[in-house]
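Heads up: the structure comes next, in structure tokens.
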Amino acid sequence: MAQLALLPQVFLILVLLTIGAALMARLPGVSLKRAWQVAMANASAGFVIALALFGLAVSTLWGSAETLALTPMWGLKVDLLATSMVLLVAFLGLVILNYSRTYLQGEANQPAYISAFLFTLAAVFVVAAADNMLVLIAAWSVTSFSLHRLLMFYSKRPGAVLAAHKKFLASRLAEIMMLGGALLVYSAAGSFSISALAQSDALAQASAQWGLALMAIGVILKSALLPAHGWLIQVMEAPTPVSALLHAGVVNLGGFALIRMAGLFEQAGVAQGMLVVMGSLTALAAALVMMTRISIKVRLAWSTCAQMGFMIMTCGLGLYDLAFLHLLGHSLYKAHAFLSAGSRVHEARLTALQPTVLAQGAPHWLMLVCAPVLSLVGLTALFTWANTALGASVIAPGWILILSLAWAPLLWLVSSPRIGGLAKGLALVIGLGLVYLLMHWIVAPLGLSSQSLHSGWMVWAVVCSALLYVAQVILHGFRQSPLAEQAYPWVYGGFYLDEVFTRWTFRLWPVQMPRPPAGSSQKIAPALPSLMRSV
């Protein structure tokens with residue numbers, strides 16, 4: 001029990017040290033060199049503390065019933081889930097901050113960047129351990145305000161103002177929705193504690209169901225799902241390390257909040273249905289748009305939008321352990337992808353200078369048809385063996401179908417259905433399945449539930465995955481067909497959903513251009529068409 005008491009104390013030390021370093025960076029008389037030294041020392045110490053905190057949690061709670069009996073303190077629950085997230089955030093913060101130190105050399109206002117960056121990390125730490133809905137909403141709001149300062153680092157760029165303003169409006173609307181939802185839940189159950197509410201029968205009341213539906217809408221808005229996704233694409237005006245922090249960490253908080261509140265949403269069928277529908281539609285649309293883009297950072301941004309839709313859909317289906325596994329993988333991948341974006345451009349230029357390298361043609365039509373079948377056969381055999389070996393169902397059958405459709409394009413590595421190419425692609429799919437099983441085994445001790453929702457929503461998710469695969473076949477395998485030529489402009493334009501959302505937001509709350517020409521008071525709205533076409 002003494003070790004359990006240490007968990008919230010060590011966590012509080014981590015948060016206070018991070019806040020202290022953020023304040024120190026803005027003190028008068030502190031040189032830029034000293035500010036970076038303090039920031040890097042804090043990030044390094046924070047990672048060590050987070051690692052020690054995770055080790056303490058593992059030694060105390062791993063495979064123990066103490067996890068369920070862990071008593072929240074100060075509205076926080078520092079359990080295995082929280083310490084895992086804290087360790088991930090501390091690691092990403094250290095890597096991205098170290099990258100920022102070189103990336104921002106010569107830029108003005110670096111102390112403000114350091115302060116906002118560290119405040120963002122501290123707020124995310126609190127979100128990770130929040131066990132009270134009000135604490136969760138407040139910490140998430142502080143994260144949003146700190147991130148807003150980072151997004152406005154180049155405050156003279158109209159594109160940066162556009163994206164930051166749209167995110168500001170979407171976040172405030174989301175927070176209003178979540179606060180209203182929390183109050184409705186409180187009126188029914190008399191508590192804001194997430195742990196207590198998960199065991200309460202009062203969530204069956206109509207007011208609580210409406211409250212959880214509002215909470216789900218808030219998470220959807222915060223997670224940049226359709227149609228409020230445009231700001232996530234347009235924040236490319238911010239420095240690259242800010243994009244890495246946003247896409248690898250902050251935007252994933254939507255999925256984490258749902259995982260933390262799994263016990264609540266499992267009792268709210270309407271809210272779960274909303275998450276499945278909006279998540280799957282976002283994943284479908286954003287994945288298609290990503291295929292049409294050339295810019296590396298814009299492709300990564302659309303990829304994040306699609307991945308967030310997929311993660312929210314997974315939570316809506318009740319597969320919270322798989323959602324957390326997805327969160328871990330997506331965070332690490334996106335941080336690496338954004339921080340290495342410059343080298344990707346260099347590699348693309350070198351490839352373009354090599355005339356002997358021929359571009360691969362469209363996949364053979366037989367491969368397009370057979371790929372999902374072969375992928376399904378391979379994964380079914382693998383997961384059937386795993387279920388038999390472990391004596392329990394590891395992966396739901398519907399989820400095997402979704403994974404088969406998602407990984408089927410890996411079999412397109414060959415342009416003709418040769419045995420060697422088929423074997424190579426199938427081996428890659430099975431290898432990914434083995435990694436998936438390994439990671440599933442690693443996150444299993446976190447005690448996350450994996451309870452599939454009504455079979456109808458699983459069918460919906462499978463149908464959306466099938467539609468995505470068919471659309472990929474049309475755009476890749478039959479790109480010269482009339483259907484592909486007609487669909488391409490709509491897909492490239494993101495189905496023009498962001499244009500509609502942007503015009504409505506700026507009618508409600510217009511924003512001034514950073515530097516109006518000739519002293520005029522021109523609004524940013526006239527510049528919207530050219531700004532949106534650029535992304």
Side-chain angles (χ1 to χ4, degrees), residues 2-27 35-62 66-67 70-98 100-101 113-132 135-147 150 194 241 245 248-250 252-253 256-257 259-260 324 327-328 331-332 335 446:
Q3 287 182 315
L4 288 178
L6 283 176
L7 288 171
Q9 297 174 15
V10 175
F11 174 79
L12 186 60
I13 290 173
L14 173 62
V15 174
L16 292 178
L17 282 177
T18 307
I19 294 175
L23 294 173
M24 190 176 297
R26 299 301 303 272
L27 289 177
W36 275 114
Q37 288 175 345
V38 170
M40 289 305 304
N42 174 264
S44 301
F47 174 69
V48 173
I49 295 174
L51 189 60
L53 185 67
F54 178 74
L56 181 61
V58 168
S59 64
T60 307
L61 302 173
W62 192 277
E66 296 284 357
T67 302
L70 191 63
T71 303
M73 185 179 298
W74 312 310
L76 304 173
K77 187 176 183 179
V78 188
D79 54 5
L80 275 171
L81 177 63
T83 54
S84 300
M85 188 68 176
V86 167
L87 179 59
L88 173 67
V89 173
F91 172 71
L92 293 176
L94 175 60
V95 172
I96 297 173
L97 193 63
N98 185 54
S100 303
R101 187 175 186 177
Y113 173 91
I114 297 171
S115 178
F117 190 99
L118 293 176
F119 265 121
T120 303
L121 289 185
V124 173
F125 289 152
V126 176
V127 172
D131 188 68
N132 183 290
V135 174
L136 175 66
I137 296 169
W140 205 351
S141 179
V142 173
T143 303
S144 178
F145 279 104
S146 299
L147 184 64
L150 293 173
I194 296 173
L245 177 67
V250 176
N252 291 298
L253 291 180
F256 182 82
I259 295 170
R260 174 59 79 182
F324 187 66
L327 186 153
L328 294 176
S331 296
L332 295 172
L446 297 179

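Computed over heavy atoms, backbone and side chain alike; hydrogens, waters and symmetry mates excluded. As the structure is a prediction and not an experimental result, all values here were calculated from the model. The residues of the chain are indexed from 1 along the displayed sequence.
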Seminar exercise, completed: Applying side-chain hydrogen bond (donor to acceptor under 3.5 Å, both in side chains) to Gln9 and not counting sequence neighbours gives none
Exercise. Are Phe117 and Pro241 close enough that some pair of their side-chain heavy atoms sits under 4.5 Å apart?
Worked result: no
For this session: Could you grab the distance from atom CG of Leu92 to atom CG of Leu121, nearest 0.5 Å is fine?
Result: 9.0 Å
Exercise. Looking at residues at least two apart in the chain, or sitting in another chain, which of them share a side-chain contact (heavy atoms from CB on, under 4.5 Å) with Leu23?
Worked result: Ile19, Phe119
For this session: To the nearest 0.5 angstrom, please state how far the OG1 atom of Thr83 sits from the CG atom of Leu81.
Result: 8.0 Å
Exercise. Looking at residues at least two apart in the chain, or sitting in another chain, which of them share a side-chain hydrogen bond (donor to acceptor under 3.5 Å, both in side chains) with Asn252?
Worked result: His330, Ser331
Exercise. Do other residues, nucleotides or ligands put more than 12 heavy atoms under 6.0 Å from Phe145 CZ?
Worked result: yes
Exercise. Passes side-chain contact (heavy atoms from CB on, under 4.5 Å), Val127 versus Met85? Steps please.
Worked result: CA-CA 10 Å; Val127 172; Met85 188 68 176; over 6 Å; no
Exercise. With sequence neighbours left out, what residues match Val135 under side-chain contact (heavy atoms from CB on, under 4.5 Å)?
Worked result: Leu76, Val126, Ala130, Asn132
Problem set entry | Inter- and intrachain pairs under side chain to side chain donor-acceptor pair (under 3.5 Å), touching residues 113-127, at least two apart | Ser100-Tyr113
Exercise. Passes side-chain contact (heavy atoms from CB on, under 4.5 Å), Leu245 versus Leu97? Steps please.
Worked result: CA-CA 9 Å; Leu245 177 67; Leu97 193 63; over 6 Å; no
For this session: Kindly write out the residues that satisfy side-chain contact (heavy atoms from CB on, under 4.5 Å) with Val10, not counting sequence neighbours, or none if the list is empty.
Result: Ile49, Leu53
Exercise. Looking at Arg260 and Ala128, what are the two nearest heavy atoms and their distance?
Worked result: NH2-O, 3.0 Å
Exercise. Got a sec, which residues hit side-chain contact (heavy atoms from CB on, under 4.5 Å) with Leu51, two or more places apart in sequence or on another chain?
Worked result: Leu87
Seminar exercise, completed: Between Ala82 and Ala129, the two heavy atoms sitting closest are CB-CA, 3.8 Å
Problem set entry | Approximate separation, where rounding is to 0.5 Å, of Trp36 CH2 and Ile114 CD1 | 4.5 Å
Problem set entry | Which residues share a side-chain hydrogen bond (donor to acceptor under 3.5 Å, both in side chains) with Ser144, sequence neighbours left out | Lys167, Ser171, Arg172
Under 3.5 Å donor-acceptor pairs involving side-chain atoms of residues 37-48, not counting sequence neighbours:
from, atom 1, to, atom 2, distance (Å)
Gln37, OE1, Arg34, NE, 3.3
Asn42, ND2, Leu17, O, 2.9
Ser44, OG, Met40, O, 2.9

Problem set entry | CH2-OG1 distance between Trp140 and Thr143, expressed to the nearest 0.5 angstrom | 9.0 Å
For this session: Return the minimal non-hydrogen interatomic distance between Leu136 and Ala257, and the atom names on each side.
Result: CD2-CB, 4.3 Å
